Amino acid sequence: RFMIKQVEQMCDDRGSTKGSTQGQRSSWSSVRDQITNTFVLRLVSCVQLASKLSLHYSRVTSDTALTFLQSIKYSYTKQELLESELAVLNTLQFHINVSTPLAYVELLLEVLGYNGCLLPAKPLLQLCVQLLDLCYLTRETIYDTLLKITIENSTPSKLQIAKFLTVKEDFMLLAVGVISTGVFILSSGHWEQAVEHLNCITGITPQSILEFSYAVVRRIVGSPTP
């Protein structure tokens with residue numbers, strides 16, 4: 001996210017590139033050089049910021065970061081490291097901890113375990129990550145199937161498609177559907193219990209959970225047969 005915003009800001013600072021092709025190439029070359037010169041430093045800063053937000057790993061200190069940079073022949077001071085972190089934070093307007101579907105999955109699995117839902121936690125999390133990848137790689141297919149199941153019609157109207165956008169943006173539904181599918185694949189005997197718990201935790205109806213899981217499983221199997 002930082003790199004995208006940095007490039008956008010650099011291009012904006014140079015104004016619109018309506019000149020000659022040679023001028024456009026020169027402008028992009030200048031932007032590229034600035035990015036290249038600080039790329040490794042910014043990368044380390046992003047790792048540092050991520051480590052400060054994470055509860056699962058030890059924090060990457062300035063001393064550790066500087067030692068790493070020196071080992072790959074980069075000479076920076078602690079002040080430059082701090083300024084780099086601030087540059088990343090300012091560019092992202094301090095919006096660092098952006099929620100992701102994986103964060104929802106991890107939180108729900110923790111709650112399920114706390115509530116006594118007996119599930120194979122580690123292999124289930126690993127499978128859920130793979131299922132999330134599948135859901136993004138084949139996003140349109142899965143959500144198209146889900147829409148048609150929901151409206152019970154194979155040819156949705158433009159209005160129905162427009163209203164369905166909120167469903168496609170619902171991270172909680174995605175996380176619940178992925179966990180449900182994972183439980184079904186790994187331990188089908190616990191599936192109904194898991195769906196009941198997920199319904200109690202999130203308020204998402206068992207029917208909605210079932211429909212999402214069906215859309216994902218159908219994509220995995222590659223068959224329209226229920």
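The structure displayed is predicted, hence computed values, not measured ones. Side chains are part of it too, since the values below use all heavy atoms of this structure and drop only hydrogens, waters and symmetry mates.
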Practice problem: With rounding to the nearest 0.5 Å, note down the distance linking CD in Glu211 to OG1 in Thr150. | Solution: 4.5 Å
Self-check item: Note, Tyr104 side chain near Leu174 side chain (heavy atom, < 4.5 Å)
Solution: no
Practice problem: Find out whether Thr145 and Arg219 are in side-chain contact, i.e. whether some heavy atom of one side chain is under 4.5 Å from a heavy atom of the other. | Solution: no
Practice problem: Hey, could you give me the CD1/CG distance between Ile201 and Leu108, rounded to the nearest 0.5 Å? | Solution: 6.0 Å
Quiz item: Are the side chains of Phe39 and Met3 in touch, meaning some heavy atoms are under 4.5 Å apart?
Solution: yes
In residues 157-166, what donor-acceptor pairs under 3.5 Å come from side-chain atoms, sequence neighbours left out?
from   : atom 1 : to     : atom 2 : distance (Å)
Ser157 : OG     : Gln160 : N      : 3.2
Ser157 : OG     : Gln160 : OE1    : 3.4
Gln160 : OE1    : Ser157 : N      : 2.9
Thr166 : OG1    : Lys163 : O      : 3.1

Quiz item: Side chains of Thr138 and Thr141: do they bring a donor and an acceptor to under 3.5 Å?
Solution: no
Quiz item: About how many Å separate CD of Glu80 and OG of Ser75, when rounded to the nearest 0.5 Å?
Solution: 9.0 Å
Practice problem: Return yes if some donor-acceptor pair links the side-chain N/O of Ser180 with the main-chain N/O of Val176 below 3.5 Å, else return no. | Solution: no
Self-check item: Neighbour count >12 (heavy atoms, 6.0 Å) for atom CZ, Phe94
Solution: yes
Exercise. Hey, could you give me each pair passing salt bridge (charged side-chain N to carboxylate O under 4.0 Å, His left out) that has a residue in residues 27-54? Not counting sequence neighbours.
Key: Lys52-Glu85
Quiz prompt | Closest approach of Ala65 to Leu81 (non-hydrogen atoms, all atoms of both residues) | solution = CB-CD2, 3.7 Å
Quiz item: Does a side-chain heavy-atom distance below 4.5 Å link Leu131 with Ile220?
Solution: yes
Exercise. Any chance you could measure Gln6, atom CD, to Arg1, atom CZ, to the nearest 0.5 Å?
Key: 14.0 Å
Quiz item: salt bridge (charged side-chain N to carboxylate O under 4.0 Å, His left out): which pairs involve residues 117-146, sequence neighbours left out?
Solution: Glu140-Lys168, Asp144-Lys148
Quiz item: Are Phe212 and Val221 connected in the hydrophobic side-chain network, where two residues link if heavy atoms are under 4.5 Å apart?
Solution: yes
Quiz prompt | Linked, directly or transitively: Tyr76 and Ile72 (ILVMFWY side chains, under 4.5 Å) | solution = yes
Self-check item: Distance-minimising heavy-atom pair for Ser99 and Phe171
Solution: O-CE1, 3.5 Å
Quiz item: Can you find a pair of side-chain heavy atoms, one from Trp191 and one from Leu210, that are under 4.5 Å apart?
Solution: yes
Practice problem: Would you tell me whether Glu83 and Gln79 have side-chain atoms, one donor and one acceptor, within less than 3.5 Å of each other? | Solution: yes
Quiz item: What's the spacing between Phe184 CZ and Glu192 CD if we round to 0.5 Å?
Solution: 10.5 Å
Quiz item: Between Asn153 (side chain) and Pro156 (backbone), is there a donor-acceptor pair under 3.5 Å?
Solution: no
Practice problem: Take Ser84 and Gln48 through the test side chain to side chain contact (heavy atoms under 4.5 Å, CB included) and record every step on the way to the result. | Solution: CA-CA 10 Å; Ser84 179; Gln48 280 191 280; over 6 Å; no
Quiz item: To the nearest 0.5 Å, what is the distance between CG (Leu132) and OG1 (Thr181)?
Solution: 10.0 Å
Exercise. Report the C-alpha distance between Thr64 and Thr67 in whole Å, list the side-chain angles of each, state the deciding distance to 0.1 Å, and finish with yes or no for side chain to side chain donor-acceptor pair (under 3.5 Å).
Key: CA-CA 5 Å; Thr64 302; Thr67 300; over 6 Å; no
Exercise. May I ask you to test the Val216-Val178 pair for a side-chain heavy-atom distance under 4.5 Å?
Key: no
Quiz item: Mind checking whether Val105 and Ile179 have side chains closer than 4.5 Å, heavy atoms only?
Solution: yes
Exercise. Start with the C-alpha distance between Ile209 and Leu173, add both sets of side-chain angles, then the distance that settles side chain to side chain contact (heavy atoms under 4.5 Å, CB included), and finish with yes or no.
Key: CA-CA 8 Å; Ile209 298 173; Leu173 174 63; 5.7 Å; no
Exercise. Would you indicate whether the side-chain heavy atoms of Val183 and Leu124 approach each other to under 4.5 Å?
Key: yes
Quiz item: Just by modelled atom types, is the Leu41 backbone N or O under 3.5 Å from a matching donor or acceptor in the Thr38 side chain?
Solution: no
Practice problem: Determine the minimum heavy-atom distance between Leu112 and Ala194, stating which atoms define it. | Solution: CD2-O, 4.5 Å
